[in-house]
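The chain is numbered in sequence order, starting from 1.
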Amino acid sequence: MALHISAASMILLAITASASSASINQEDYAADEGDQTSSNDNLIFDDYRGKGCVDDSGFVYKLQERFFPGHSNCPCVCTEDGPVCDQPECPKIHPKCTKVEHNGCCPECKEVKNFCEYHGKSYKILEEFKPSPCEWCRCEPSNEVHCVVADCAVPECVNPVYEPEQCCPVCKNGPNCFAGTTIIPAGIEVKVDDCNICHCHNGDWWKPAQCSKRECHGKPNL
């Protein structure tokens, strides 16, 4: 019986030792896997400080190498302290610029507006034009339109007319004035009825005519 108990104890000890050995091997394997993961992380996230520069896309440049970062057209130089990029003072873009290119470090104006716009139409620089019979305009080098409006004199008649393509009214029948409701020519006396003779005021065409009564068919004036 004593020998049987000793054999059973030995079997129990062997099972315990086997379990302990398996537990130890599993922990060692986990530790090795952790070391492998840590090693892979170091390869992915390498440190290039003092060795090179990395742009936005992950491309690596050597020290003193010149490159253009993806977000800018200005060149950079890779240094031990990191990229050093040009930051020039770019000239101002002309306010009349109609085409701007961004191929270089600074934006560049490729086309300046060289015409004027007036009432929906375009005119060349220094071009003269008449948008209406009374306006004279010119397209200035500043791309602005300057106009002069005709100052018409007061017509010397009471019935002026506007001719096509003419700005100011004209007196087609010459100077005249009103004698009552009748228009009479200036410079002469006009008998407007049996009793009245009228004439226009010199120079004052807008004033009514000056009239004087005469004998009416042999009848004395009343």
Side-chain angles (χ1 to χ4, degrees), residues 36-172 175 205-206:
Q36 183 177 2
T37 303
S38 177
S39 177
N40 289 338
D41 290 344
N42 289 335
L43 290 176
I44 295 175
F45 301 102
D46 204 352
D47 188 1
Y48 290 100
R49 288 178 296 181
K51 303 175 184 178
C53 303
V54 184
D55 64 6
D56 297 341
S57 60
F59 194 86
V60 180
Y61 296 91
K62 299 178 181 179
L63 293 178
Q64 302 305 317
E65 187 174 359
R66 190 178 179 88
F67 66 98
F68 290 86
H71 63 279
S72 173
N73 288 324
C74 294
C76 299
V77 176
C78 180
T79 68
E80 292 184 354
D81 297 325
V84 177
C85 302
D86 292 345
Q87 295 181 347
E89 293 185 4
C90 298
K92 294 182 179 180
I93 299 296
H94 196 283
K96 300 294 183 179
C97 184
T98 57
K99 184 178 180 181
V100 180
E101 290 187 357
H102 298 273
N103 296 329
C105 186
C106 293
E108 185 177 0
C109 179
K110 289 297 184 180
E111 184 176 336
V112 178
K113 181 180 178 181
N114 58 352
F115 61 91
C116 301
E117 293 180 328
Y118 189 76
H119 291 177
K121 294 184 178 181
S122 299
Y123 300 93
K124 297 178 181 179
I125 299 297
L126 300 181
E127 182 179 356
E128 298 178 357
F129 57 96
K130 293 185 68 175
S132 71
C134 293
E135 291 180 287
W136 176 85
C137 303
R138 186 174 74 171
C139 176
E140 301 293 342
S142 62
N143 303 111
E144 297 178 349
V145 175
H146 290 174
C147 296
V148 176
V149 179
D151 186 12
C152 297
V154 178
E156 296 181 348
C157 60
V158 294
N159 58 348
V161 294
Y162 286 87
E163 296 287 349
E165 302 302 323
Q166 289 190 5
C167 174
C168 298
V170 295
C171 297
K172 297 188 69 173
W205 318 112
W206 62 91

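A 4.5 Å side-chain heavy-atom check between H119 and V145 finds every atom pair outside the cut-off. Counting heavy atoms from C-beta on, the side chains of K62 and Q64 never come closer than 4.5 Å. Between P155 and V170 the shortest side-chain heavy-atom distance does not fall below 4.5 Å.
Summarising the geometry of C157 relative to P175, their closest heavy-atom pair is CB-CA, 4.4 Å, with the distance given to 0.1 Å. In terms of heavy atoms, V60 sits closest to V54 at CG2-CG2, 4.1 Å. Between F129 and C139 the shortest heavy-atom distance is CE2-N, 4.2 Å. What you find for P75 and R66 is that their closest heavy atoms are CG-NH2, 3.0 Å. In plain terms, the two heavy atoms of Y118 and P131 that are nearest each other are CE2-CG, 3.8 Å. Taking each heavy atom of K113 and N143 in turn, the nearest pair found is O-ND2, 2.9 Å.
Between the CG atom in L126 and the CD atom in E140 there is a gap of 7.0 Å [rounded to 0.5 Å]. To the nearest 0.5 Å, atoms NZ (K99) and CD (E108) are separated by 11.0 Å.
The SG atoms of C168 and C152 sit under 2.5 Å apart. The sulfur atoms (SG) of C105 and C74 lie less than 2.5 Å from each other.
Under the side chain to side chain contact (heavy atoms under 4.5 Å, CB included) criterion, C76 pairs with F67, P69, P83, C85, not counting sequence neighbours.
For F115, the CZ atom counts as densely surrounded, since its 6.0 Å shell holds more than 12 non-hydrogen atoms of other residues, nucleotides or ligands. Atom CD of E101 has more than 12 heavy atoms from other residues, nucleotides or ligands within 6.0 Å.
Sorted by first and then second residue, the salt bridge (Lys or Arg N to Asp or Glu O under 4.0 Å) pairs involving residues 118-135 (not counting sequence neighbours) form an empty list.
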